[in-house]
Amino acid sequence: MKKHLIYILLLTVGTTYGQIQKKDSIIRLKEVVVAEKFRKKQIQSDVKLSCSVDEYLATSDNVSFIKRGAYAWEPMLNNMNTERSNITIEGMHIFGACTDKMDPVTSYVETNNLSKIDIHSGQEGGMHGATIAGSIDLKRKRVAFSEEPSYGGSAQLGLQHNNMHRFGMADLYYSSEKFVADGTAAYRKAENYKAGDGNKVKHSQFEKYNTSLGLAYKTSELSALKADAIFDVAKNVGYPALPMDTWLARALISSLSFKQLFEDQLLKVWDTKGYFNAIEHYMDDTTRPENLVHMDMPGWSTTYGFTSKILLKEEDYTADIQLNGYSNYSLAEMTMYPKDRRKITGFALTWPGVTTNYGGLSLSNQWELTDREQLTLGGTFGIHHNHVEHLDFIRVFNQNTADSSEDKIRFLPSLYATYQVKWNPYTLSVGTGYGHRAPSVSEAYGYYIYNSFDRYDYIGTPNLKNEVSYELNGSLSYEKEGLIAEAKVNYFYIENYILGKILRIAFPMNAASVGVKKYEALEYAKIFNASLNLSYHFLENFNWKGSLNYARGFDFEGQNLPFIRPLSYQSSLRYNKNRLGATFSFNGDFTQTAYSPQYGEDRTPAYIVYNLSANYRFPLGKQTLSWEVGVENILDNYYSTYADWGNIPRMGRNIFTSVGITF
């Protein structure tokens, strides 16, 4: 009986070595769950079973993507780029090694690595470190200990016709009373895709391998030791929107953690982890004969870190306390080879050997004031330190020695508060936040980083002030008799907003550049986001979902900010009965009228895309065989969105199929 009670307790806090679950919104996506603040209902996703992590994330109404090709999209939370958000894997900080953002954190995991994705908007995402936009935390799969030895797994094969994208995934686990082991493997390979006009988009191919391993040992009835590792390799990755491709991107992500549960006391859980990750990224343009000057641009990023957190629970009070720390070293080079190799080869450090050290203490307090009311107060205090090895590059455009010293220390505080009240069938939530973030390595120390979107070389500014965000947010939801409706808004007033401004005293280094920009802190910028989500379950087997999203962003002079999504919408109708499921969906954007020409944007026309898919589950004894078939962009529309780098066209009609087995 005691073992059964302990097993239930372990499940309550997120399986034997799972994550402690908060009262956040949850969207179920096959095996992956996207958890977002304010959503109160679990909803089945309409994306295809074989989709990538990026496609899963795209179902969230406050996540959009900058696309430079068919691989490794850059996630934007609340219409802000990755510098303004925390993207972590189980709280582990991981920093890409590419100056052109060709390797976001999400590119180093696969869907069969993950159990859920936590999305927190604004300062409530600050538990893992300083942020403005919020946080995206990718949670790895967990397998619970079992009284009797057991094993299981799944495998899946699939094909997407448009770009001959072949993929295979498999996972396997073993569980016993004291020991758990689980592993995953995935492989993807795709050729150049075709746009809606039937023409191939050159340099859009990719190949990717991903494996992971998890081992857990129960050290006592209420504690366990866990080791995790993810190894990811991408080869021959094309980026049609950029002048360069990636011949190799490689990542090792590892951690060792210990969790202790407690009975009958204020302290419920103590979870501590040490981690290490190393990323290599090698850009070159050897497949681009049209380039006048060939370049190699390798980059390296190495991070050591730890997290230690406790959960306190006493009647109507709950507290999360978390200590974070990491040290990251980033180095990137650029070597230019003239066609006449007898001439001098050019060399520069685009990231001049920057070490970033961070330590922060975060606290989140939650009170159940009544059966209907809940109050959350929290905040973080962080210390951020940069050390630069090669100052000569930085001082070329930062002559004041005091402003470009080897070391820079910043203090990064944040606070937030949320009040929620329920009176059936309505739920109202209002909140506010205040927080700082430090400039990124590129913003502070970048040297001639070419931006092919606006065709400028970018230079960092070490003495930039912290960005300071003041935030308001709110939501109102209604749920009754199969109908769920939710409206959400947030507003950010950001002082010292960092953007590139033209530097007229410098000459570009890249042959394709039209000039040089230097990162500067604007007086302020404002960003407003609003969304409306509807879901209706009817006639027992049908479920309809729809969403409408609006965003607006401008600076202190009233100029439009770049990469702010125009009015967009999604709608889907899902049919489920017994073993059969079918989905018809469409999505689109209105014309982008509030664009920013000074940052390379232009007016992108409206578009709409229709999709259709079906799946069926076949019982095979104790196993289940699943088959899926569908078509995306049914009408083969030719279109490009506001976030497609350089207006590269999206994929045309794409027929896909996959088959999988679970055992």
task: Start with the C-alpha gap between Trp73 and Leu57, add the side-chain angles, then the distance that decides, and say whether side-chain contact (heavy atoms from CB on, under 4.5 Å) holds.
output: CA-CA 11 Å; Trp73 308 342; Leu57 275 171; over 6 Å; no

message: Using side-chain contact (heavy atoms from CB on, under 4.5 Å), reason through Asn496 and Leu522 one step at a time and then give a plain yes or no.
response: CA-CA 5 Å; Asn496 309 321; Leu522 308 184; over 6 Å; no

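- Of the residues listed (Thr356, Thr355, Asn357), the one engaging Ser327 in a side chain to side chain donor-acceptor pair (under 3.5 Å) is Asn357, and it is the only one.
- Put simply, the residue from Tyr456, Tyr519, Trp351 that forms a side chain to side chain contact (heavy atoms under 4.5 Å, CB included) with Ile449 is Trp351.
- The backbone N or O of Ile648 lies less than 3.5 Å from a partner atom in the side chain of Ser640, making a donor-acceptor pair.
- Among Lys273, Arg140, Lys226, the single residue meeting the salt bridge (Lys or Arg N to Asp or Glu O under 4.0 Å) criterion with Glu90 is Lys273.
- For Ala58, the side chain to side chain contact (heavy atoms under 4.5 Å, CB included) partners are Phe65, not counting sequence neighbours.
- Every residue two or more places apart in sequence or in another chain that forms a side-chain hydrogen bond (donor to acceptor under 3.5 Å, both in side chains) with Asp602 is listed here: Asn647.
- Salt-bridge formation is detected for the pair Glu191/Arg166: a Lys NZ or Arg NE/NH1/NH2 atom is positioned less than 4.0 Å from an Asp or Glu carboxylate oxygen.
- Scanning for side-chain hydrogen bond (donor to acceptor under 3.5 Å, both in side chains) contacts around Tyr642 gives Ser64, with sequence neighbours left out.
- Side-chain atoms of Thr287 and Asp245 include a donor-acceptor pair closer than 3.5 Å.
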query: Would Asn79 and Asn529 count as a side chain to side chain donor-acceptor pair (under 3.5 Å) if you check the C-alpha gap in whole Å, the side-chain angles of each, and the deciding distance to 0.1 Å?
result: CA-CA 8 Å; Asn79 285 280; Asn529 300 285; 2.7 Å; yes

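- Proximity of Val109 to Ile230: side-chain heavy atoms (C-beta onward) are separated by under 4.5 Å at one or more points.
- Panel note: side chain Thr380, backbone Gly126; a donor-acceptor pair is recorded below 3.5 Å.
- Looking only at side-chain heavy atoms (C-beta outward), Tyr358 and Asn328 stay at 4.5 Å or farther from each other.
- Under the rule for a ring pair (Phe, Tyr, Trp, His ring centres under 6.0 Å), the partners of Tyr447 that lie at least two apart in sequence or sit in another chain are Phe393.
- Residue Ile89 holds its CD1 atom at 10.5 Å from CD1 of Ile117, rounded to the nearest 0.5 Å.
- Looking at Lys101 and Thr82, their side chains come closer than 4.5 Å, going by heavy atoms from C-beta outward.
- Shown here are the ring pair (Phe, Tyr, Trp, His ring centres under 6.0 Å) partners of Phe95, two or more places apart in sequence or in another chain: Tyr326.
- Atom CD1 of Ile87 and atom CD1 of Ile119 lie 10.0 Å apart (nearest 0.5 Å).
- Partners of Ala97 by side chain to side chain contact (heavy atoms under 4.5 Å, CB included), not counting sequence neighbours, listed by chain and number: Asp103, Ile279, His281, Ser301.
- Residues Ile132 and Met80 form a side-chain contact, since some pair of their non-hydrogen atoms from C-beta on lies under 4.5 Å apart.
- With sequence neighbours left out, the side chain to side chain contact (heavy atoms under 4.5 Å, CB included) criterion links Trp247 to Tyr282, Asp284.
- Under 4.0 Å is where a charged nitrogen must lie from a carboxylate oxygen, and between Lys465 and Glu520 no such pair does.
- When the salt bridge (charged side-chain N to carboxylate O under 4.0 Å, His left out) test is applied to Asp232, the partners found at least two apart in sequence or on another chain are Lys208.
- Rounded to the nearest 0.5 Å, atoms CG (Asn451) and CG (Leu242) are 9.0 Å apart.
- Atom CD1 of Ile253 sits about 10.5 Å away from atom OG of Ser212, to the nearest 0.5 Å.
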task: Kindly indicate, with the supporting measurements, whether the criterion ring-ring contact (aromatic ring centres under 6.0 Å, His included) is fulfilled by Phe453 and Phe563.
output: CA-CA 11 Å; Phe453 194 85; Phe563 294 112; 4.9 Å; yes

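- In this structure, Arg84 and Thr131 have side chains that are not in contact, with every pair of non-hydrogen atoms separated by 4.5 Å or more.
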field: Verdict with reasoning, Asp137 to Lys139, per salt bridge (charged side-chain N to carboxylate O under 4.0 Å, His left out)
entry: CA-CA 6 Å; Asp137 192 29; Lys139 302 288 190 180; 2.9 Å; yes

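- Separation of the Tyr329 and Tyr304 ring centroids does not fall under the 6.0 Å cut-off.
- The existence of a salt bridge linking Asp118 and Lys116 is confirmed by a sub-4.0 Å separation between a basic side-chain nitrogen and an acidic carboxylate oxygen.
- Here Met127 contributes atom CE and Lys309 contributes atom NZ; the two are 8.0 Å apart, rounded to the nearest 0.5 Å.
- Here the side chains of Asp171 and Asp182 are not in contact, with every heavy-atom distance at 4.5 Å or above.
- Using a 4.5 Å cut-off on side-chain heavy atoms (C-beta onward), Thr99 and Met297 make contact.
- By the side-chain hydrogen bond (donor to acceptor under 3.5 Å, both in side chains) test, Thr335 pairs with no residue at all, sequence neighbours left out.
- Side-chain contact check for Glu280 versus Leu248: every heavy-atom pair is 4.5 Å or farther apart.
- We find that Arg437 and Glu467 are joined by a salt bridge, their nearest charged nitrogen and carboxylate oxygen being less than 4.0 Å apart.
- Residues satisfying the salt bridge (charged side-chain N to carboxylate O under 4.0 Å, His left out) criterion with Glu333, sequence neighbours excluded, are absent altogether.
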task: Decide yes or no on side chain to side chain donor-acceptor pair (under 3.5 Å) for Tyr193 and Gln205, but give the supporting numbers first.
output: CA-CA 7 Å; Tyr193 69 82; Gln205 79 289 339; over 6 Å; no

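- Listed by chain and number, the residues in a side-chain hydrogen bond (donor to acceptor under 3.5 Å, both in side chains) with Asn633 amount to none (sequence neighbours excluded).
- Applying the ring pair (Phe, Tyr, Trp, His ring centres under 6.0 Å) criterion to Phe231, with sequence neighbours excluded, gives no partner residue.
- Taking the six-membered ring where the residue is Trp, His165 and Phe206 present perpendicular rings, their angle passing 60° and hence far from 30°.
- Defined by atom type and a distance below 3.5 Å, a donor-acceptor pair is missing between the side-chain atoms of Thr88 and Asn86.
- With salt bridges taken as basic N to acidic carboxylate O contacts below 4.0 Å, none links Lys517 and Asp457.
- For the side chain to side chain contact (heavy atoms under 4.5 Å, CB included) with Asp100, the lone residue among Arg68, Glu74, Met283 that qualifies is Met283.
- Residue His120 holds its NE2 atom at 5.5 Å from OG of Ser135, rounded to the nearest 0.5 Å.
- Contact check on Arg188 versus Glu110 returns a salt bridge, with a Lys/Arg side-chain nitrogen under 4.0 Å from an Asp/Glu carboxylate oxygen.
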